[in-house]
Every structure is written in structure tokens, then in C-alpha cells.
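Naming convention: chains lettered A, B, ... in sequence-line order (proteins, then strands); numbering from 1 in each chain. Computation of the quantities below employed the complete heavy-atom set of this structure, encompassing side-chain atoms and omitting hydrogens, waters and symmetry-equivalent molecules.
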Number of protein chains: 2
Amino acid sequence: MVKKEKVTIKMVADEAGVSKSTVSRVISDYPDISDDTKKKVREVMKKLNYHPSAIARSLANRISKNVGLVLPSDEDFFLNPFFQESLRAIAITASSRGYDTMLVYNDKDETTAINRLVSANKVDGMILMRAIVNDKSIQYLKENKVPFVLIGNSLENKDIYSVDTDNFKACQELTRILVENGCKKIGFIGGDKNSVVTLDRLKGYMSVVKEKNLYNDKTMIQENEFTKLNGYRSIEKILSDNEDIDGMIVTDALIFRGVVDYLTEVNYGKDIILGTFGAEHQLGYDDRFKVFNVDVQCMKMGQASCNKLIDMLDGQKVNKMDIIDYKIM
Amino acid sequence: MVKKEKVTIKMVADEAGVSKSTVSRVISDYPDISDDTKKKVREVMKKLNYHPSAIARSLANRISKNVGLVLPSDEDFFLNPFFQESLRAIAITASSRGYDTMLVYNDKDETTAINRLVSANKVDGMILMRAIVNDKSIQYLKENKVPFVLIGNSLENKDIYSVDTDNFKACQELTRILVENGCKKIGFIGGDKNSVVTLDRLKGYMSVVKEKNLYNDKTMIQENEFTKLNGYRSIEKILSDNEDIDGMIVTDALIFRGVVDYLTEVNYGKDIILGTFGAEHQLGYDDRFKVFNVDVQCMKMGQASCNKLIDMLDGQKVNKMDIIDYKIM
DNA sequence: CTGAAAGCGCTTACAG
DNA sequence: CTGAAAGCGCTTACAG
């Protein structure tokens, strides 16, 4: 077997009897190259099994063909199925458009990881997978004029590109459904208080509580982390303070699992109607419970955010904010 | 505010009154540069907020400082919490060693995605997150002499670098525990038959079944996909064919959830002892069940695989195979 | 429609 | 201990 050597543009050019410039142009599929030479060059490329070096291209034209994915570094948050599924959708979408995906784990108050990717020119743009209150990453990306799209909603930055669920409306609708099903006293369990998603959903819930004049007590609202344990403890706490609760809003699949665990343990069933965020397959509960869930369609979100970023990089005009529809079932 | 311009090595060199070569050498921390100039150059770099272009470095020295992560593209498989947790460990480990992580989703019988990353020089090495029978990716990486480490076990390739759980032994131990707890007739539910993990665990189970001369019927063994639904249907099938089953081995957290769902529905409890793979927090079940689980410690696996790959890239000597210990509880 | 040449921002023998 | 120069493999005005 012949020793493999990296095939370069030079070798293709020589073999095809044209200049490097010409080869370069057929790589990029320039319109003003004659069909004949295009064809010839392509044949040679195939014959030589030539693949342009992305690195060299990047250096020459400052385009990396990489998108950066910014994930929360807090374990609890990341364990959320939402991330796993969006991440997959993003990577697959990127790939289908000729981009590769780079991962960054980002701390709440640090931008060093992001900074590294950006200043090393490793990515053309970024996707942020959550927004927290007073988000440093968003600040950084704006200041450095890095193209990015946020999955979520930033309270402080309304002029950025984003893709989001209408969490206020979704949670409002969900709460109303519980009311229509007879609930008089509805509790709320959310994730991290600094997470904008939690806040938006809380507002939706509150709006119905006020509108319908439902009984309302602070002990009915718990916000902590995005964990199963939090769900377990929060529902325990709420029930011990409010025996007569007949409905619960839960903002997250992981938390929901903890809630179901506790309710199963103490033998609750349909006495409490549950409204939760999360797709059916992420939840896990059985017939003993009555559950309404809003599916925010993370696959769609991931896809939309990635397409939006790449459209931006392509210089296309895109909306500032896109709202992805949810499904309540 | 001054318009931001990319700071290059040239500008640092000029400002510090040295040559580009020298700056380059202090970037790489060469030993034979005088402390004085090192210090001076570093000051200038900081003052100018200089960050070397990773792209340019890559082109010059053919090192990308990226590791590629090869994930299964089949949705079912990927949804497994195992991947999510290993992935995070890998990305964090890579980052701590100055590497960034690139994602590739790979089809069973295709190597195009991998090929793209490799031939474009975007990565220095790869981590494969599973092995299937007759794995094309492994073949490809071997042939192209791409450094890689496999998380798992390849039946056909014993000469590659890998990190794995001793799945045979773990499943053997798990099955024995069920026997010690009085089980006489133990079923088995696994994931994809083409997945080596499933095969290894099945062998461990079978070895005990034979050793202890347990009743053994093909209808007690189900292998399908890595999904919750599969768990649900498989246990249903097994129970309908074998009413007197008193133990079940389940190879996967997601499948386990389906099993628990079904058993809950039909009001089974401690009559069947469950042995499963998956960490406590991935499982989700309650006191009604008696469960033993083997935690393969995915964080450790991810970490070990990434460190191993980077050690290899650094030219260090590493073991061919590393076995990560598991915990049964 | 195509080519020669400069340039992208680094690294690294080589020479001193 | 340090510098000048060539080179990594592309792209892209510019000229024809």
C-alpha cells in the first residue's frame, strides 16, 4: 500500500493542468468557471481523493464553518433532557448545512471558555442554550460583535437574535386548563430563580392566579434547582404547608419526576392534577396520575436556532425573535 | 471606543521590540528564551489583549487542539443518559487540558461525517462513544491512522485503544446477586443486538444461568432498542410467556424505566427482583420495587477516555485497554 | 474564463 | 538566546 500523503490543492491543479486559483474556484463553485474545466477538476479531485483543508480555508477567508454551542456548566441544569435533545438537533442541522459543532461549557459568571473559542477564531457564531438574569455571556458576545442566537429570552437584552417558546402564554394556558378541570388551589414548582425560563413561566402562572382570584400563598411556590430531588422536596414542603392543594404546575421534566416520586410514595393520585413542562417521553408517570404537559418541542427549537444562526452568517435577513409553538396535551 | 482590530503576532513583536519567532516561542513557552524577554513579551500580550489564532497555529504545525466526539446518530441510542453524562465529562476534561470538543453524529454504516472532520484536519483525534458489531467507523479510523479511543469493546478489533466497563463481569455479578436473593427464574432485557455492550452483558447473564443451572427459555430474553417502550413491551412479553419469573436483568436505564412503568401498571412489586444497569439518579423507581443497579460511572469513563486520547496525542505511553470500575448497589 | 502573486497568522529548521 | 526566511494550504483582488 502506498504511503498516504496529504493531497493539496497544488497537486490537484498540476494533475488537472490548471492553476490553484482555478481549483479553488471550483471548490467554492464559482459561477464563471467553464463547465469543461469544472468537470475536469472535479474528476481529478475525486481521483486523488482530495479534501480541502478546512484549516487553510479558515485562515485565508476567516470563516471556520464551525458553530459554537454554549452549554450551562452546572451539572443539574445540563442533565435536563431539553439540552440533550436540542443539542442533537443543532448538531444535525449544522452538519446538514456544512457546519461542524463545537461544544463549550460555560460558567455562570465567566466568559473565559467562550472567549477562548472566539478569540482563537475557532467559530463563526454561537448558540446560547439558556439565559440567566444578567447574563455575562450575552454581554460578552454583544460587545465583541460575535454573531449569536439565544435559545430563550433575555430580560435585559431585547435587541438580540433569539428563538424561544412563549413561556408566559404556555404556562398561562396550562394553569387555565387546571382551573377548567376544577382546581381551586394550585401550587408552583420551578427551577433556578435566575433562569429566565423559570421567571417567564412563573409570571404566566401568577397571571391566572390573579385573574381567577385563586387562593394564593407564598408557601405554594417553590423555586430551586433543576433536579429531581428539588421536585421531591418541593412538593413535600408545599403539601405539608397546604393540605388542600388540588393542582400543581411544574416547570421541568426532571423536577416533575421528583414530584411524581413523592406523590407515589405518599399514595396521592388524581387528587392533585399536574401540569408540567416536558415532552411525553421525558416525563414518566402512569395512569394513577392526571397530567397535562406542554411540549416545547426542543428538536424544533434546536433546528430553528441553528438555521437562524447560519442564515445570519450567510448574510440573510432574519427576524430578531422567533417563537416556536408548543403543544399542550 | 477604538475600532477593534485583530491583534496579531506581528503587532506584539513590534511593540515588544523582538521578532515574531521570539513571540511565537514565548507563546509555546520554549525553555531557551531568556526570562527577561519572556516577561516583556507576556506583558505586551496582556496589554494588547493578544490571543494567538488557533487556526493559523493549526495550519503551521498541523495540530488543531480539537478532539472529535463521535455520537450515535440513532435517536433512541443517543437519548440514553449515559451519553449525556459522558459527553459532559469529556468536554470538561478536554477543556481543562486546552482542547476543544467537536461533535459528530455518525450513522451505523457511514463514515462520511467522520471523514469530513478528519480530512479537513479539524481534529487531532477522536473518541468513539460506542461500538457496534462490525463497526465501520473503527475500521475507517484504523485505516487512516487517526488516533482514537473507544468507549466500549470492539469484538473484531482487540488492538485498539479503549476504555470500558467489564460488562461481562458486572452482569455476572448482578445476576448472581439476584440468585443469592432467591431468584430461580431470571429474564433478560437488552438493547440493540448489534451493540457490543448488550452482547457482553448477555454473556455475563448467560454464564450464571448455566453455572447455576437456572431454568432457561428463549422467551425470557428480549433484545431490541434502547428505549423505554422496548422495556415496557419486552417485560410484558416475557411475563405473558413466563408467569413464574422472579427476577429480571435490564441492561439500560431507559429500558428500565419502561419496565418499571409496566410493572407498576400491572401491580407487580417485590415479587420480581430487578437488576439493572444505570446510576441511581438515572433510574427513577420507588420503594415498591426491589432493585439492584450497577453504576458504570459514566463521568469517570468520559474523563478517562479523554485523558487517554490527549495523552496519546502528547506522545505519552498509554495502556491499550483501561477498565473502569463499576459499583453495584 | 483563468493565472500569478500576495496574503491569512502562525511555526520551525537554520544560522549565528 | 534570537532573527530572517520559508512554508503550512488555501483565497482573492487584480490583470488580462
Judged by nearest nucleotide, the residue sitting upstream toward the 5' end of DNA chain D, B:V18 or B:A60, is B:V18
Would you check if A:Y30 and A:S24 make a side-chain contact, meaning some heavy-atom pair closer than 4.5 Å? no
Between A:R130 and A:S195, is there a side-chain heavy-atom distance shorter than 4.5 Å? no
Given D:dT11, is OP1 or OP2 found less than 4.0 Å from the side-chain N or O atoms of A:R57? yes
In this structure, which one of A:K46, A:K40, A:K47, A:K10 forms a salt bridge (Lys or Arg N to Asp or Glu O under 4.0 Å) with A:E15? A:K47
Comparing B:T22 and A:D35 on DNA chain C - which has the more 5′ nearest nucleotide: A:D35
Could you say whether A:K20 or A:I33 is positioned toward the 5' end of DNA chain C, judged by the nucleotide with the nearest heavy atom to each? A:I33
Could you tell me how far apart [X] ([atom1]) and [N] ([atom2]) are, to the nearest whole angstrom?
| X | N | atom1 | atom2 | result |
| --- | --- | --- | --- | --- |
| B:I27 | C:dT12 | CD1 | P | 11 Å |
| B:K38 | D:dC1 | NZ | P | 9 Å |
| A:K39 | C:dC1 | NZ | P | 17 Å |
| A:I55 | C:dC10 | CD1 | P | 14 Å |
| B:L59 | C:dC10 | CG | P | 12 Å |
| A:N61 | D:dC8 | CG | P | 19 Å |
| A:M11 | D:dG9 | CE | C1' | 12 Å |
| B:K122 | D:dG9 | NZ | C1' | 15 Å |

A:K158: side chain to side chain donor-acceptor pair (under 3.5 Å) partners, not counting sequence neighbours: A:N153
Verdict with reasoning, B:N66 to B:Y99, per side-chain hydrogen bond (donor to acceptor under 3.5 Å, both in side chains): CA-CA 5 Å; B:N66 289 152; B:Y99 280 75; over 6 Å; no
Please determine which of A:I90, A:V70, A:D164, A:L128 meets the side chain to side chain contact (heavy atoms under 4.5 Å, CB included) test together with A:I151. A:I90
Given that both pair distances must be under 3.5 Å and the pair must be Watson-Crick or G-U, what runs of three or more consecutive pairs involve DNA chain C? C:1-3 with D:14-16, C:5-12 with D:5-12, C:14-16 with D:1-3
When the C1' atoms of D:dT12 and D:dG16 are considered, how many whole Å apart are they? 16 Å
Verify the neighbour count for atom CG of A:D314: are there more than 12 heavy atoms of other residues, nucleotides or ligands below 6.0 Å? yes
Count the heavy atoms of every other residue, nucleotide or ligand shown that sit under 6.0 Å from CE of B:M312, and state whether that count exceeds 12. yes
Side chain of A:S53 only, please: which of C:dC8, D:dG9, D:dT2 is the nearest? D:dG9
Between the protein and nucleotides 13-16 of chain D, which nitrogen or oxygen pairs are less than 3.5 angstrom apart?
from: D:dA13; atom 1: N6; to: A:R25; atom 2: NH2; distance (Å): 2.7

Is it true that B:K38 and B:D29 have a side-chain N and a carboxylate O under 4.0 angstrom from each other? yes
